[in-house]
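Worth knowing before you read on, the calculation uses all heavy atoms, side chains too, and leaves out hydrogens, waters and symmetry mates. Just so you know, residue 1 is the first one in the sequence shown, and it goes up from there.
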Amino acid sequence: MREKGAAPVTIDEGWVCPMPLRDSPNIVMGHGGGGAMSGELIEHLFLPAFGSAANADLTDSAVVTLDGARLAFSTDSFVVKPLVFPGGTIGELAVNGTVNDLAMSGARPMVLSTAFILEEGTALADIARIAQAVGTAALAAEVQLVTGDTKVVDAGHGDGIYINTAGIGVVPAEVDIRPQRATPGDVVLVSGEIGVHGVAVLSCREGLEFGTTVLSDTAPLHGLVAAMLATGADVHVLRDPTRGGVAASLNEIARAAKVGVALDERQLPVPDGVRDACGLLGLDPMYVANEGKLLAFVAPEDAERVLAAMREHPLGAQAAVIGRCVAEHPGMVVARTALGGTRVVDLPAGEQLPRIC
C-alpha cells in the first residue's frame with residue numbers, strides 16, 4: 001500500500017520473484033543467487049555430473065600444493081547490470097572479486113586471467129572504459145594480468161559485457177583458514193558497514209531509483225587480511241559476504257563446521273542509506289551483497305588485537321564484533337533483535353537482488 005498522492009512504483013520487466021519455485025525444471029534467476037538454490041544446483045547437478053573429477057571443498061578458492069608451494073586458485077564471472085553503478089563498474093568488480101576470493105584463504109594474490117564476452121553492437125568506447133577500469137584495479141591490487149580471452153555473441157544475446165577472471169595466490173605455510181575451522185567460542189567480526197554494494201547497484205536501475213547516495217564498497221581486501229594475520233592471531237575463518245550477503249555467508253560457515261552462530265543485530269553496522277532503502281523496498285540488509293567487506297571467525301583470546309588491527313586499516317576502520325560461534329543449534333544462525341527477541345537467519349532460497357556482481 002502507498003500513501004495517497006504518492007507516485008506509483010514501477011518494476012523493471014527483468015525482475016523476477018526473488019524466491020522462485022524450488023521444483024522448477026528450468027534454470028531461474030534464484031539459481032545464481034548464492035543461496036539454497038545455488039547450493040542445490042551444485043550438489044544435485046554439477047557434482048554428480050563431474051563425478052570423481054571433482055575435487056573441491058566448495059569454498060570461494062581452492063588451496064592446492066604444487067611442488068611444495070601452497071597456492072590458492074579461484075575463478076569468478078561477473079554479469080552485473082548496469083555495467084556502471086555508483087562507486088564502480090563491472091571492471092573493478094572483476095578484479096576485486098577474484099582478489100578477495102583468494103584473500104579469504106589467507107593468500108597473497110599474484111596473477112589474474114581476464115576473459116571478456118562482448119555483445120555485438122556494444123560501443124568500443126564503453127568497452128575501453130571497462131577495460132581501463134580492469135587495468136587500474138589490477139594495479140591498485142598489485143596483481144598482474146597474465147592471460148585472457150575475448151568472445152563476441154550476437155546482438156540481443158548479452159548485456160554488453162560479461163567478464164570472467166581467474167586468479168592464483170600464494171598461501172603462507174602457517175596459515176590455515178577454512179570454514180570447517182569455526183569453533184564454539186570464536187568471536188565473529190565484520191570489517192565495516194554492510195549492504196552498500198547491493199543498494200548502490202539497485203539505486204541506478206530503471207524504475208527503482210529512490211535518490212540514495214550510497215556508493216559501492218568494491219575494494220581489494222588482501223591488504224586488510226595481511227594486517228590481520230600479521231598480529232599472529234589464530235584466524236579460523238574468513239569470508240567476503242557477496243551474493244546472499246552476511247546471512248548466506250554465516251549460514252554456509254555454520255553448516256560446514258556444524259556449529260551455531262549467535263548474532264546481535266544491534267551491533268551490525270548498517271548505514272542510514274542502506275537501512276532506508278531496505279525499509280522502503282522490504283529488504284533485509286543482512287541478505288544484501290557486499291563487495292569490499294569481510295567476516296572473520298577469530299579465537300576469543302585473539303579477537304581484541306585482530307579488531308584493533310582491522311580498525312587501523314582504511315578498509316576496516318568501522319570493524320565491529322557482531323556475534324559468537326556457539327555449540328547450540330549447530331548449522332543455524334540466530335540473531336538477537338533490537339527488541340530483545342530472537343529470530344532465525346536462514347540461508348536465502350534465491351536472491352533479493354539479481355545481477356549484482
Side-chain angles (χ1 to χ4, degrees), residues 57 59-61 63 100 103-107 171-194 221-241 245-270 285-286 290 292-338 340-347:
D57 290 329
T59 52
D60 287 341
S61 63
V63 177
N100 291 346
M104 295 307 106
S105 294
V171 183
E174 69 278 7
V175 171
D176 182 16
I177 296 174
R178 48 194 169 89
Q180 294 80 3
R181 290 199 67 215
T183 304
D186 281 356
V187 176
V188 182
L189 309 173
V190 67
S191 62
E193 294 178 332
I194 65 171
L221 294 170
H222 58 298
L224 174 60
V225 171
M228 296 165 66
L229 296 179
T231 66
D234 187 10
V235 178
H236 292 165
V237 187
L238 293 173
R239 182 63 63 88
D240 58 329
V246 168
S249 292
L250 291 178
N251 271 278
E252 290 168 359
I253 295 166
R255 295 180 184 192
K258 298 180 175 58
V259 297
V261 176
L263 298 179
D264 186 341
E265 281 192 357
R266 296 167 297 182
Q267 303 304 315
L268 284 166
V270 181
M286 275 203 284
N290 312 269
K293 300 297 186 299
L294 65 78
L295 296 166
F297 283 56
V298 182
E301 63 271 19
D302 294 330
E304 284 301 321
R305 57 181 166 143
V306 172
L307 184 63
M310 293 173 73
R311 288 175 173 171
E312 290 177 1
H313 192 279
L315 296 179
Q318 296 172 308
V321 175
I322 60 172
R324 288 187 175 271
C325 187
V326 297
E328 296 79 21
H329 51 80
M332 294 178 58
V333 180
V334 174
R336 183 173 181 82
T337 69
T342 58
R343 68 180 178 108
V344 175
V345 181
D346 204 358
L347 186 70

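Residues Val259 and Thr183 are not in side-chain contact: their nearest non-hydrogen atoms beyond the backbone lie 4.5 Å or more apart. With contacts defined as side-chain heavy-atom distances shorter than 4.5 Å, the pair Leu221/Met104 qualifies. In this structure, the side chains of Leu224 and Met310 come closer than 4.5 Å at one or more pairs of heavy atoms. Using a 4.5 Å cut-off on side-chain heavy atoms (C-beta onward), Ser191 and Leu315 make no contact. In this structure the side chain of Pro179 never reaches within 4.5 angstrom of the side chain of Glu252, judged on heavy atoms. A heavy-atom distance below 4.5 Å is not found between the side chains of Val334 and Glu328. Residues Val345 and Val261 are not in side-chain contact: their nearest non-hydrogen atoms beyond the backbone lie 4.5 Å or more apart. Leu294 places a side-chain heavy atom less than 4.5 Å from the side chain of Met228.
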(message) Go through it in stages, so that I can follow the logic: the residues are Asp346 and Asn251, the test is side chain to side chain contact (heavy atoms under 4.5 Å, CB included), and I'd like the CA-CA distance, side-chain angles, deciding distance and then a yes or no.
(response) CA-CA 7 Å; Asp346 204 358; Asn251 271 278; 4.2 Å; yes
(message) Is there a side chain to side chain contact (heavy atoms under 4.5 Å, CB included) between His329 and Val344? Walk through the geometry before answering.
(response) CA-CA 10 Å; His329 51 80; Val344 175; over 6 Å; no
(request) Evaluate the salt bridge (Lys or Arg N to Asp or Glu O under 4.0 Å) criterion for residues Arg181 and Asp234: first the C-alpha distance (whole Å), next the side-chain angles of each, then the deciding distance (0.1 Å), finally the verdict. (result) CA-CA 10 Å; Arg181 290 199 67 215; Asp234 187 10; 3.1 Å; yes
(message) Assess the residue pair Val321 and Gln267 against the criterion (side chain to side chain contact (heavy atoms under 4.5 Å, CB included)); give the C-alpha distance rounded to whole Å, side-chain angles, the decisive distance to 0.1 Å, and a yes or no.
(response) CA-CA 7 Å; Val321 175; Gln267 303 304 315; over 6 Å; no
(request) Output, in order, the C-alpha distance, side-chain angles, deciding distance and verdict of side chain to side chain contact (heavy atoms under 4.5 Å, CB included) for Leu229 and Val235. (result) CA-CA 7 Å; Leu229 296 179; Val235 178; 4.0 Å; yes
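For the atom pair CG (Asp302) and NE2 (His236), the distance works out to 8.0 Å, reported to the nearest 0.5 Å. The distance from the CD1 atom of Ile322 to the CD1 atom of Ile194 is 7.5 Å, given to the nearest 0.5 Å. Atoms CG and OG1, on Asp264 and Thr337 in that order, are 9.0 Å from each other to the nearest 0.5 Å. Considering OG1 of Thr342 and CG of Leu263, their distance stands at 11.5 Å, rounded to 0.5 Å.
When atom types are taken as modelled, the side chain of Lys293 and the backbone of Pro241 share no donor-acceptor pair closer than 3.5 angstrom. Side-chain atoms of Arg324 come within 3.5 Å of backbone atoms of Gly185 as a donor-acceptor pair (strictly under, hydrogens ignored).
Between Ala309 and Ala227, the closest heavy-atom pair is CB-O, 3.9 Å. Heavy atoms only, all atoms of each residue included: Gly340 and Arg336 are closest at O-NH1, 3.3 Å. Residues Pro300 and Val187 approach most closely at CA-CG2, 4.0 Å, considering heavy atoms. Taking all atoms of both residues into account, the shortest heavy-atom contact from Ala262 to Val326 is CB-CG1, 4.1 Å. Here the closest heavy-atom approach between residue Lys258 and residue Pro330 is recorded as O-CB, 3.5 Å. Looking at every heavy atom in both residues, Leu307 comes nearest to Ala320 through CD1-N, 3.9 Å.
Shown here is Glu304, whose CD atom has no more than 12 heavy atoms of other residues, nucleotides or ligands within 6.0 Å.
Of the residues Val225, Ile177, Val63, the one that meets the side chain to side chain contact (heavy atoms under 4.5 Å, CB included) test with Ser105 is Val63. Exactly one of Leu250, Leu268, Val333 qualifies for a side chain to side chain contact (heavy atoms under 4.5 Å, CB included) with Met286. That residue is Leu268.
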